[in-house]
Amino acid sequence: MRLVVVGASLAGLRACEGARRAGWTGDIVLIGAEKHLPYDRPPLSKDVLGVDGPRLPPTHRCADELAALGVELRLGTAATALDLAGQVVHIGPDAVPYDRLVLATGAHARTVPGAQTLRTVEDAVAVRLALDAGARTVVVGAGFIGAEIASAARARGLAVTLVEAAPVPLLRAAGPVVAPRLADLHRAAGVDLRCGVSVDAVQAGCVSLSDGTVVAADLVVAGTGATPATGWLAGSGLRLDDGVVCDEGLAAAPDVWAAGDVARWPSPLLGLARIEHWTAAAEQGAHAGRAVAGERAPFTTVPYAWSQLHGRSVQAVGRTGGSEVEVVGDDARWVALYRDDDRLVGALSVDLPGRIIKLKRLIASGATFADGLTAAAASARPAASAAPA
Amino acid sequence: MRIVLDAAKCSSLGMCESVAPAFFEVGDDGGLALLRTEGAPSDRALLEDAVAACPTAALSLED
């Protein structure tokens, strides 16, 4: 029996580990488009861009660890087609038969013509080198990735223009009440935030914007989101609609599961959802691996994302796009609670890391909004009892 | 088994607390407290999940 996992990043790796942990004794083949061992992506827009940061992100596992897990690696070779009826993954002319299949091909960065993307280690090195050289920076798209790039550039004292097509950045992610508070963090840090404009053209040394202005730029980075990497699955018979559409247990077809950025599944909290977060990739990968080994169950999670904005820790759990919000805290450190009727459905905090996980647990348990307010207002464990470093 | 925290790697994201709140707690100062440093054999699966949940690989178990 052979498990084939397509996609050698976090979700794919966790699928391999999850299958083994659940008792899978068959072969495992892990196919990856990138030539690298599975590496950690969040640092690409955080530590790797820092003045004192590492040049490369850490790998999740070394080659010896993967060999010990009994995983055969096929790296630097993107899968090109899936024959569902014949149970074969094609890598160009090569055919890789499977008995069980996990799809974890992730997502591709949306591009802006002429702009650098930030998705892979090569992308991050290119951005880092430009920042090291003191680049005047324009970031297109003020989502979390774009915001982190702007933060890295400002931390070096570089001029940064952040271009956002929407009237406020992070409107969908944080909702109309909270998003302006996050935008204020950019302005306070000296970012030239331009909302409601788009990029007309990226040229040598400058960017032309839709409002007629031209911004000088040595580095232009697109932070305009990502699209699920499903092109190779066209015509396979799988249902593709902004990702591989799965059932509640992440199954996309008999003996086929999807996990990570590419998977879209019915979430009790969010409806049909595709989550591009580290924790969801890890959890879905492990879940798919267990399913491969025969442990079938619905997949549930409370989404959790974190970011560093100009030295502030921003953390978001659950469903945070709504306008029914109450903010607890002061101007510097606060947590916003999101409600749906009398239920707590989401929370977003700035520099209150002790609250967010307690709220995450409450959301998972279906707690009331009143319970959320009580937990958010309670002072967390005093610093004095923290474990010594 | 003993829970080992590499404080230099920990970024206080709290996934460990999310999985095993009886063992881990993040404070608003950003410090992670180990509420218990030893796990019973019956805690192993839970603690392995907590270790795997850490986005910065800051936790490990020692027998």
Side-chain angles (χ1 to χ4, degrees), chain A residues 10 13-14 17-18 21-22 40-43 46-47 57-61 277-279 281-283 285-286 289 301-302 304-308 313 315 317 329 333-335 349-364 376 378-389, chain B:
Chain A
L10 179 62
L13 173 67
R14 290 298 172 91
E17 294 178 338
R21 206 173 151 196
D40 203 28
R41 282 187 206 278
K46 300 181 175 79
D47 296 1
T59 54
H60 289 299
R61 298 285 178 267
H277 301 158
W278 191 98
T279 49
E283 292 167 359
T301 189
V302 175
Y304 176 31
W306 59 89
S307 185
Q308 285 283 329
S313 176
Q315 296 167 289
V317 295
R333 308 169 82 206
W334 47 271
V335 57
S349 67
V350 171
D351 277 348
L352 286 176
R355 314 284 167 98
I356 205 75
I357 292 302
K358 290 168 180 66
L359 293 166
K360 180 174 185 284
R361 293 179 59 84
L362 283 178
I363 294 164
S379 67
R381 171 184 55 78
S385 70
Chain B
M1 90 215 73
R2 199 163 73 87
I3 303 165
V4 180
L5 167 66
D6 183 341
K9 285 186 176 177
C10 176
S11 49
S12 308
L13 295 168
M15 281 303 295
C16 51
E17 179 182 342
S18 177
V19 172
F23 287 86
F24 306 97
E25 187 175 16
V26 175
D28 274 339
D29 60 330
L32 174 66
L34 293 184
L35 305 178
R36 294 155 64 185
T37 55
E38 294 284 338
S42 58
D43 297 321
R44 178 172 289 277
L46 179 72
L47 289 172
E48 284 178 350
D49 282 345
V51 168
C54 178
T56 56
L59 293 170
S60 56
L61 302 176
E62 274 180 6
D63 285 311

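By convention in this document, chain letters (A, B, ...) are assigned in the order of the sequence lines, proteins followed by strands, and residues within each chain are numbered from 1. Remember, it's a predicted structure, so these values are computed and weren't measured experimentally.
- Listed options A:Glu283, A:Arg14, A:His60 were ranked by heavy-atom pairs under 4.5 angstrom with chain B; first place goes to A:Arg14.
- Of the listed residues (A:Arg21, A:Lys360, A:Gln315), the greatest number of heavy-atom pairs within a distance under 4.5 Å of chain B belongs to A:Arg21.
- Nearest heavy-atom pair across A:Pro353 and B:Gly27 is CG-O, 3.6 Å.
- Residues B:Asp28 and A:Arg333 come closest through the heavy atom pair O-NH2, 2.6 Å.
- For chain A, the option among B:Pro55, B:Ser12, B:Ala57 with the highest count of heavy-atom pairs below 4.5 Å is B:Pro55.
- For B:Phe24, there are no ring-ring contact (aromatic ring centres under 6.0 Å, His included) partners two or more places apart in sequence or in a different chain.
- Looking at A:Glu17, there are no atoms closer than 4.5 Å to chain B (heavy atoms on both sides), in backbone or side chain.
- Distance check: B:Leu13 CG to A:Ile356 CD1 gives 11.0 Å after rounding to the nearest 0.5 Å.
- When the heavy atoms of residues 37-51 of chain B are compared with those of chain A, the residues falling under 4.5 Å are B:Ala45, B:Glu48, B:Asp49, listed by number.
- For B:Cys54, the part lying near chain A is the backbone, with the side chain staying farther off; criterion is any non-hydrogen pair under 4.5 Å.
- Smallest separation of non-hydrogen atoms from A:Arg361 and B:Ser18: NH1-O, 2.9 Å.
- Using a 4.5 Å cut-off between heavy atoms, B:Ala8 does not touch chain A at all.
- The shortest side-chain heavy-atom distance between B:Ser11 and A:Trp306 does not fall under the 4.5 Å cut-off.
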